[in-house]
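Along the sequence shown, residues are numbered consecutively beginning with 1. Only this structure's heavy atoms are used, side chains among them; waters, hydrogens and symmetry mates stay out. As the structure is a computational prediction, the values presented were derived from the model and not from experiment.
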Amino acid sequence: MKTPRHAPRHALLTGAVAALLTACAAPPPPAPGEWSPQPPNPNAPYPAESRLNGEQGMVLLRVRTTPDGLPASVEVKQSSGHTRLDRSAVETVRTWRFKPMPDDGTVVWREVPIRFFITSPPQQPTFN
């Protein structure tokens with residue numbers, strides 16, 4: 001059986017696409033000294049009303065943590081522009097656990113971005 005001329009290019013392209021998808025699916029490892037939430041930290045739920053209204057954006061939070069990695073205070077540093085999204089992010093991050101830090105009396109503040117982007121239309125009820 002004769003192999004088409006474009007087969008090697010096709011195989012190379014398929015391999016490159018697979019490598020790119022794998023790289024995109026895996027989150028990058030945290031840089032040394034960077035905060036690292038301890039699993040299982042839940043994602044912030046997308047408020048249903050916000051989703052229906054097409055509200056999206058990023059909330060940047062400032063989180064002060066205790067030496068054992070618990071959030072002591074959570075503040076909105078930069079709003080998404082939508083109160084419901086900001087509230088969802090704050091309430092969720094209050095339940096997170098972070099990488100413990102040595103208790104040397106230093107207050108540790110971490111910046112945590114929470115992104116809300118609609119990637120698919122909301123589920124619509126079906127009537128039969």
Side-chain angles (χ1 to χ4, degrees):
M1 180 180 322
K2 193 172 182 180
T3 305
R5 279 189 318 187
H6 65 280
R9 257 189 289 164
H10 178 69
L12 181 61
L13 182 59
T14 302
V17 168
L20 180 61
L21 290 174
T22 301
C24 290
E34 185 179 327
W35 71 271
S36 175
Q38 298 297 311
N41 284 333
N43 291 328
Y46 213 126
E49 194 172 341
S50 293
R51 189 173 163 83
L52 288 171
N53 291 329
E55 298 172 355
Q56 49 187 1
M58 185 191 72
V59 183
L60 183 59
L61 302 175
R62 286 188 64 215
V63 183
R64 184 172 59 85
T65 58
T66 63
D68 57 345
L70 299 174
S73 71
V74 180
E75 303 171 357
V76 175
K77 181 175 181 180
Q78 182 179 348
S79 172
S80 66
H82 305 285
T83 305
R84 283 184 292 268
L85 299 181
D86 295 351
R87 188 179 326 119
S88 177
V90 168
E91 289 172 0
T92 301
V93 171
R94 282 186 181 144
T95 67
W96 281 14
R97 301 296 176 259
F98 293 84
K99 182 178 176 184
M101 302 297 282
D103 188 8
D104 62 359
T106 305
V107 175
V108 178
W109 285 93
R110 305 158 194 255
E111 289 191 353
V112 179
I114 305 290
R115 293 172 179 85
F116 292 93
F117 289 103
I118 299 171
T119 57
S120 62
Q123 295 289 331
Q124 298 294 327
T126 56
F127 299 101
N128 290 334

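Clustering of Ile, Leu, Val, Met, Phe, Trp and Tyr side chains at separations under 4.5 Å places Met58 together with Leu60.
The heavy-atom pair separating Ser73 from Trp109 by the smallest distance is OG-CH2, 3.5 Å. Taking all atoms of both residues into account, the shortest heavy-atom contact from Arg110 to Thr65 is NE-OG1, 2.9 Å.
For Asn43, there are no side-chain contact (heavy atoms from CB on, under 4.5 Å) partners at least two apart in sequence or on another chain. When the side-chain contact (heavy atoms from CB on, under 4.5 Å) test is applied to Glu55, the partners found at least two apart in sequence or on another chain are Ser50, Asn53, His82, Arg84, Leu85. In this structure, the side-chain contact (heavy atoms from CB on, under 4.5 Å) partners of Ser79, at least two apart in sequence or on a different chain, are Val76, Asp86. With sequence neighbours left out, Thr66 forms a side chain to side chain donor-acceptor pair (under 3.5 Å) with Asp68.
If you take CE on Met101 and NZ on Lys99, they are separated by 7.0 Å, rounding to the nearest 0.5 Å.
At a threshold of 4.5 Å between non-hydrogen side-chain atoms, the residues Trp96 and Val74 do not count as touching. Under the 4.5 Å side-chain criterion, counting only non-hydrogen atoms from C-beta, Val108 is not in contact with Phe98.
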Would you give me the side-chain donor-acceptor pairs under 3.5 Å for residues 88-95, sequence neighbours excluded?
from, atom 1, to, atom 2, distance (Å)
Ser88, OG, Pro45, O, 2.6
Thr92, OG1, Ser88, O, 2.8
Thr95, OG1, Thr92, O, 2.6

Could you check Leu70 against Arg97 for side-chain contact (heavy atoms from CB on, under 4.5 Å), going step by step and ending with a plain yes or no?
-> CA-CA 5 Å; Leu70 299 174; Arg97 301 296 176 259; 3.0 Å; yes
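Residue pairs that meet the ring pair (Phe, Tyr, Trp, His ring centres under 6.0 Å) test with at least one member in residues 40-61, sequence neighbours left out, are Tyr46-Phe116.
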